[in-house]
Amino acid sequence: MSRLIVVSNRVAPIQEARPAAGGLAIGVLDALKETGGVWFGWSGETISEPSVPVIEKQGNVTYATVGLTKRDYDEYYRGFSNTTLWPTFHYRNDLSRYDRGDYAGYQRVNATLAKQLKELLRPSDIIWVHDYHLLPFARCLRELGVKNPIGFFLHIPFPVPEVLRTIPPHEELVKAMCSYDVIGFQTEADRQSFVDYIERGQHGTSSEDGMVHAYNRFLKVGAYPIGIYPDAIAKAAEQFTDRKAVRSLRDGMRGRKLIMSVDRLDYSKGLVERFQAFERLLLNAPGWHGRVSLVQIAPPTRADVQTYQRIRQTLEGEAGRINGRFAQLDWTPIQYLNRKYERNLLMALFRQSQVGYVTPLRDGMNLVAKEYVASQDPADPGVLVLSQFAGAAEQLPGALVVNPFDLSQMAEALERALSMPLAERQARHADMMEPMRENNLSVWRDTFLDDLRHVATASSVTAKAVKLADVTASS
Ligand code: ADQ
């Protein structure tokens with residue numbers, strides 16, 4: 001059996017039960033626990049010089065972690081990854097900044113990480129690389145002579161060519177991506193954007209079976225929407241209902257309805273617009289005053305990137321302003337909490353609420369939307385209000401889908417959700433649970449890895465045939 005080597009910028013916290021607020025870490029860890037394997041990536045620590053990986057085993061997962069120097073961190077992580085790629089890939093060119101030095105650092109760190117990983121590799125390993133920090137990682141491994149199958153999954157959106165081209169080294173990046181054997185996107189639209197870039201720019205061609213031929217390489221490009229384990233989440237949500245935090249939330253509501261939102265504090269998540277649409281609900285429908293609260297849980301991330309400091313300030317300002325305008329002695333309209341929670345507890349909190357309010361301006365998938373639905377009591381489920389710009393909107397037909405730029409529409413959807421009759425809520429919930437079971441996290445992982453094995457075998461057969469043909473022709 002070949003080993004699975006997962007590579008991502010950060011590995012999930014190695015300590016069991018520590019909250020990991022990040023969709024990639026949560027998805028990948030759940031997927032890796034079943035198959036076992038090695039997880040290679042940054043430990044989260046800054047060090048003075050690159051060193052050999054630290055190896056730690058937990059159950060059937062081996063963690064191989066390395067530190068980054070302060071310069072690496074600034075240029076590769078804070079710089080090109082999070083000040084250029086993240087905003088642009090989320091269609092926020094206005095927040096994107098490009099710096100040549102940061103890009104050089106991004107390339108350098110990818111090359112260093114590839115060297116560090118190479119030392120751990122066996123010829124039969126299969127390598128699965130994750131996310132935008134590592135777009136050129138396969139090219140770096142190939143330059144070191146690594147021949148193993150290498151797949152890549154992008155957790156965030158892939159922008160349309162016009163937007164991608166605002167990143168100066170766009171072509172170098174896409175060319176490097178073509179060193180992978182399989183590239184996976186969250187949605188069909190993201191896959192199409194990549195293929196459009198290749199075809200409209202005349203860099204290559206694609207065929208109906210998802211194969212792309214570009215820059216002298218054949219690779220498979222597909223949509224592999226990430227899933228969750230809905231039944232395990234439902235069970236956890238039910239079991240954790242008696243926890244103290246859940247009880248105090250329930251008691252504190254005193255019969256009021258609860259709208260719940262959980263995100264990393266990020267400008268792509270549409271938090272400001274969300275607060276303002278809730279304000280519009282209170283303006284348009286005064287009957288809800290004192291009868292509904294919005295709980296927003298949003299732990300800060302990337303707090304040393306300037307745009308993240310700004311969104312935090314704006315949001316605190318908005319929460320204060322709206323509360324100041326509407327609050328009563330015994331009612332606070334918006335409760336805004338800046339902290340992480342244990343995952344199972346979060347699911348139990350979801351179960352207490354009547355509305356899941358998930359309205360990113362752009363999101364690769366958005367696992368919170370899926371977790372919210374899975375956490376509900378099927379006998380009395382809450383309603384999901386979901387942005388059309390989350391990948392999850394393609395997969396959750398029972399949600400009330402909204403445009404997060406239309407505050408009035410969001411306010412109307414909230415009102416409809418708060419007043420929805422039980423039979424409709426039950427039907428919508430059932431409509432979403434079934435597809436989530438059919439496309440759970442194991443299906444995501446297995447479909448991707450099956451394609452990777454298949455494509456890698458097919459290309460090595462093609463490569464051997466080409467070599468043989470060359471030898472025969474020249475003899
Ligand atoms: P994220 O942008 O992190 O993920 P999301 O998919 O919603 O977004 O995942 C967040 C995860 O963190 C969820 O599992 C959630 O429960 C957890 N979480 C959020 N806030 C938390 C808190 N306060 N305490 C504890 N846990 C918290 C990226 C992409 C997404 C994509 C995922 C997975 O941006 O589009 O869905 O990867 O591919």
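For clarity, every value in this text was computed on a predicted model and none was experimentally measured. Each ligand, and each atom within it, is numbered from 1 in the order the structure gives.
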Review point. Looking at Arg264, which atoms of ligand 1 are within less than 4.0 Å of one of its heavy atoms?
Key: 1 (P), 2 (O), 3 (O)
Practice item. Could you name the option among Val28, Asp363, Asp131 that has the heavy atom nearest to atom 35 (O) of ligand 1? Key: Asp363
Exercise for review: Give the numbers and elements of all ligand 1 atoms closer than 4.0 Å to a heavy atom of Lys269.
Suggested key: 1 (P), 2 (O), 8 (O)
Point to revise | Subset of ligand 1 atoms that lie under 4.0 Å from at least one heavy atom of Ile297 | key: 23 (N)
**Study point:** Geometric cation-pi criterion Arg339 and Tyr341, 6.0 Å radius, 45° cone
**Key:** yes
Check your understanding: What are the two closest non-hydrogen atoms of Trp39 and Val61, and how far apart are they?
Key -> CB-CG1, 4.4 Å
Revision key, fill the gap. For Ile226 and Gln395, the nearest pair of non-hydrogen atoms, with its separation, is O-OE1, 4.4 Å
Exercise for review: Number the atoms of ligand 1 from 1 as they appear, then name those within less than 4.0 Å of a heavy atom of Lys340, with their elements.
Suggested key: 22 (C), 23 (N), 24 (N)
Check your understanding: If you measure every N/O of His90 against every N/O of ligand 1, is any gap under 3.5 Å?
Key -> no
Check your understanding: Which bit of Arg362 is near ligand 1, meaning a heavy atom under 4.0 Å away: side chain, backbone, both or neither?
Key -> neither
Check your understanding: Which bit of Leu346 gets closer than 4.0 Å to ligand 1, counting heavy atoms only: side chain, backbone, both or neither?
Key -> side chain
**Study point:** Phe158 and its ring pair (Phe, Tyr, Trp, His ring centres under 6.0 Å) partner, picked from Tyr132, Tyr197, Phe89
**Key:** Phe89
Exercise for review: Decide if atom CD of Glu238 counts as having more than 12 heavy atoms of other residues, nucleotides or ligands within a radius under 6.0 Å.
Suggested key: no
Review point. Under 4.0 Å from any heavy atom of Glu371, which atoms of ligand 1 are there?
Key: 13 (C), 14 (O), 15 (C), 16 (O)
Review point. Which atom pair, heavy atoms only, marks the closest approach of Leu4 to Leu32?
Key: CD2-CD1, 3.8 Å
Review point. Which bit of Arg339 is near ligand 1, meaning a heavy atom under 4.0 Å away: side chain, backbone, both or neither?
Key: backbone
Check your understanding: Would you call the rings of Trp444 and Phe153 parallel, tilted or perpendicular if under 30° counts as parallel and over 60° as perpendicular?
Key -> perpendicular
Exercise for review: State the atoms of ligand 1, each with its element, that fall below the 4.0 Å cut-off from a heavy-atom position in Val262.
Suggested key: 19 (C), 20 (N), 21 (C)
Check your understanding: What part of Leu367, side chain from CB on, backbone N/CA/C/O, both or neither, has a heavy atom under 4.0 Å from ligand 1?
Key -> both
Point to revise | Proximity of Val368 to ligand 1 by residue part, where a heavy atom lies under 4.0 Å | key: both
Review point. Under 4.0 Å from any heavy atom of Gly364, which atoms of ligand 1 are there?
Key: 35 (O)
Review point. Is Asn366 close to ligand 1, meaning an N/O of one under 3.5 Å from an N/O of the other?
Key: yes
Check your understanding: Once the angle between the rings of Phe350 and Tyr372 is folded into 0 to 90°, is it parallel (under 30°), tilted (30 to 60°) or perpendicular (over 60°)?
Key -> perpendicular
**Study point:** Donor on one side chain, acceptor on other, Ser43 and Tyr63, under 3.5 Å
**Key:** no
Exercise for review: Would you mind listing which atoms of ligand 1 come within a distance below 4.0 Å of any non-hydrogen atom of His155?
Suggested key: 29 (C), 30 (C), 31 (C), 33 (C), 35 (O), 37 (O), 38 (O)
Exercise for review: Check whether any N or O atom of Phe153, backbone or side chain, sits under 3.5 Å from an N or O atom of ligand 1, and answer yes or no.
Suggested key: no
Check your understanding: Under 6.0 Å between ring centres, would you say that holds for Tyr224 and Phe185?
Key -> no
**Study point:** Heavy-atom pair of closest approach, residues Tyr106 and His133
**Key:** CE1-O, 3.1 Å
Check your understanding: Should Ile156 be counted as touching ligand 1, given the test is an N or O pair under 3.5 Å?
Key -> no
